[in-house]
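See below for the structure under consideration.
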Amino acid sequence: MDKETKQRLGEIRAALKKYGFDKILGQTAKNKIRSKDDDEADNLLLDDETPVKLRLMLQELGTTFIKLGQLLSTRPDVVGERIANELANLQDDNPAISYEQVKKIVERELHGNIDELFEDFSHDHLATASIGQVHEAKLITGERVAVKIQKEGITDKIDLDLRILKFIAARADRLSEKVRKINLPGIMDEFDRSIHKEIDYNNEFMNMQRIEMNFIDDPKVHIPATYDRYCSSKVLTMEFIDGTKLNDVYASTGDEFDKKLLAKTVLDSYLQQLFIDGFFHGDPHPGNIMILEDNVLCYLDLGMMGFFDEKFKRDLSEVMLLFVDQDVDGLINQLMYMDILDYDIDTTTLRRDLNDLFGRYFGVQLNRFDGVLEALLNLMQEYGVILPNEVVTMARGLSMIEATAHNLDPEIDVFASIKPVAAQIAKQRLSPKRYIKSKKSSAILYGHMIQALPKLLTKTIHKIENEELQFRFEVDITDKVSIIALISALIIGSSVVSFGPRVFDMPVISLIGYIIAIILSIIGMRKFVLK
């Protein structure tokens with residue numbers, strides 16, 4: 001272990017001890033019998049001050065730990081609602097770096113003199129955080145831009161902290177039953193991927209271009225333009241957005257803003273991201289949304305995005321439909337189909353708890369979720385279900401968007417907006433176009449299989465001839481009767497199969513059975529006839 005790692009590990013251990021978390025993570029393999037320390041650890045976990053202590057400790061330990069806390073604040077299903085809510089208050093701020101340091105980074109990353117790259121570059125920062133800071137500038141071509149610059153040495157510090165965090169997570173997972181339940185190593189792997197995406201500004205650049213294309217035909221939604229000549233992994237140059245903050249829009253009393261229209265735009269644009277595009281803003285809080293002239297909505301800070309593939313998007317649409325319809329049995333079956341719930345779960349108790357939840361939140365006519373998603377996440381936590389990160393990110397984002405829409409228009413009906421969109425996506429499962437597309441993909445795959453078949457058979461026979469290929473069967477293939485019976489069973493079984501994908505009007509399963517029968521016949525011929 002090098003000197004730098006030892007020093008940083010010492011700082012982390014000191015912080016853990018200072019806030020009392022060493023009692024939770026400090027159990028050893030010898031400590032299998034309950035001791036006074038175990039009781040103290042339990043008391044700490046139940047302590048009302050634990051969330052605050054955890055936030056203060058993470059804040060004290062700096063960038064990597066602040067980002068970890070921000071990730072955990074989106075996972076109430078893992079850390080619980082109290083801790084998640086407290087970690088949402090983490091402040092990601094750090095002293096600003098000097099203009100001289102900014103100039104050095106910009107010139108190195110963009111391969112040019114800052115005075116030649118920009119007509120003007122403000123020496124004062126607009127905003128600063130632990131990873132980077134933002135300056136206003138003007139391009140030679142006249143565009144007003146915001147330039148985000150990553151602070152020097154951040155990547156090395158994060159990588160060092162990640163190595164230590166993974167070591168602590170693995171040790172805690174191995175030695176503590178309580179910690180093992182939340183899968184700390186899995187959380188650290190997720191965090192590793194997340195933070196490396198955030199510190200690579202090329203990732204945010206591509207996110208902005210992709211979501212801009214998704215809304216290119218929607219005049220009500222604007223995504224800041226990016227300038228690739230002025231972007232790198234550590235510098236991101238985008239259109240300067242001069243709009244109105246949402247809090248100011250909420251408080252406005254004149255007719256400058258059409259709040260009902262904005263509420264509908266906010267909700268519809270996010271539902272499009274979730275259920276149509278499958279690519280959505282992971283942190284759409286009011287600070288990341290600006291309102292431009294003519295009631296145009298602008299999304300900012302697109303470094304953290306969620307992604308659903310086509311199958312998951314359809315599955316999630318069906319979950320939302322069943323959820324809105326309060327179909328408890330259908331919801332349980334769907335979550336099992338998606339491998340979110342295990343088939344051996346106590347469905348009787350879960351069904352009762354879900355009915356209680358729906359009865360509590362849907363007992364009167366409602367037009368919003370108003371905490372029901374959070375309650376569902378908490379219920380899943382009680383059953384030990386760790387939801388996919390994208391689902392939790394979606395639920396959190398949808399709750400933020402709902403709150404924004406209701407602040408703009410208290411009468412907006414969220415359910416009425418969600419149901420038709422989700423139904424449209426769910427119906428695509430039965431769409432003829434999707435079936436044709438699936439058939440085309442299958443045809444291509446089976447075509448490749450047919451083309452490869454002669455070559456595969458030739459290679460197999462060659463290996464049999466040279467005694468390079470060995471088969472292991474549970475039956476004794478030294479017995480003529482056994483091998484003949486096996487070949488016969490394969491031929492008969494393959495002949496009666498009538499289901500599954502087909503190639504040249506023959507089921508693929510049958511084709512595979514015939515191929516195996518041919519190979520066995522060759523082995524039998526070599527062993528019993530040609531020997």
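These figures come from a predicted structure and were not determined experimentally.
Relative orientation of the Phe121 and Tyr99 rings is tilted, given thresholds of 30° and 60° on the angle between their planes.
In plain terms, the two heavy atoms of Leu90 and Ile66 that are nearest each other are CD1-O, 3.6 Å. Here the shortest heavy-atom pairing between Met57 and Ala15 reads SD-O, 3.8 Å. Scanning both residues, Ser73 and Ala84, for their nearest heavy atoms gives CB-O, 3.4 Å.
Ion pairing of Glu100 with Lys103 is absent here, as no side-chain N (NZ or NE/NH1/NH2) approaches a carboxylate O to less than 4.0 Å. Of the charged side-chain nitrogens involved, none lies within less than 4.0 Å of a carboxylate oxygen, so that Asp268 and Lys220 do not count as a salt-bridged pair.
Each of His281, Met400, Met394 was scored for a side-chain contact (heavy atoms from CB on, under 4.5 Å) with Tyr270, with one residue passing: His281. The only member of Val414, Ile401, Leu398 that meets side-chain contact (heavy atoms from CB on, under 4.5 Å) when paired with Leu271 is Leu398. Residue Glu152 forms a salt bridge (charged side-chain N to carboxylate O under 4.0 Å, His left out) with just one option from Arg108, Lys234, Lys157, and that option is Arg108. Screening Ile140, Asn113, Leu139 for a side-chain contact (heavy atoms from CB on, under 4.5 Å) involving Phe118 leaves a single residue, Leu139.
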Query raised in the report: Can you check side chain to side chain contact (heavy atoms under 4.5 Å, CB included) on Val145 and Tyr230, steps first, answer last?
Result: CA-CA 10 Å; Val145 295; Tyr230 302 89; over 6 Å; no
Query - Criterion salt bridge (charged side-chain N to carboxylate O under 4.0 Å, His left out) on Asp283 and Arg396, from CA distance to verdict - result: CA-CA 8 Å; Asp283 193 23; Arg396 179 173 176 268; 3.2 Å; yes
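Between the side chains of Glu60 and Tyr19, at least one donor-acceptor pair of N or O atoms lies under 3.5 Å. If you check the side chains of Tyr299 and Ser269, you find a donor sitting under 3.5 Å from an acceptor.
Looking at Asp315, its side chain never comes within 3.5 Å of a backbone N or O of Met338 through a donor-acceptor pair. Panel note: side chain Lys264, backbone Ser417; no donor-acceptor pair is recorded below 3.5 Å. For His135 (side chain) and Val147 (main-chain N/O), no donor-acceptor pair under 3.5 Å exists by modelled atom type.
Contact of the Asp124 side chain with the Glu136 side chain is not registered, since no non-hydrogen atoms from C-beta on lie closer than 4.5 Å. Side-chain contact between Leu72 and Ile187 is present, with at least one heavy-atom pair separated by less than 4.5 Å.
Atoms CD and NZ, from Glu204 and Lys197 in turn, are 13.0 Å apart once rounded to the nearest 0.5 Å. Taking NZ of Lys53 as the start and CG of Leu58 as the end, the distance is 14.0 Å to the nearest 0.5 Å. Rounding to the nearest 0.5 Å places CG of Leu110 at 6.5 Å from CZ of Arg229.
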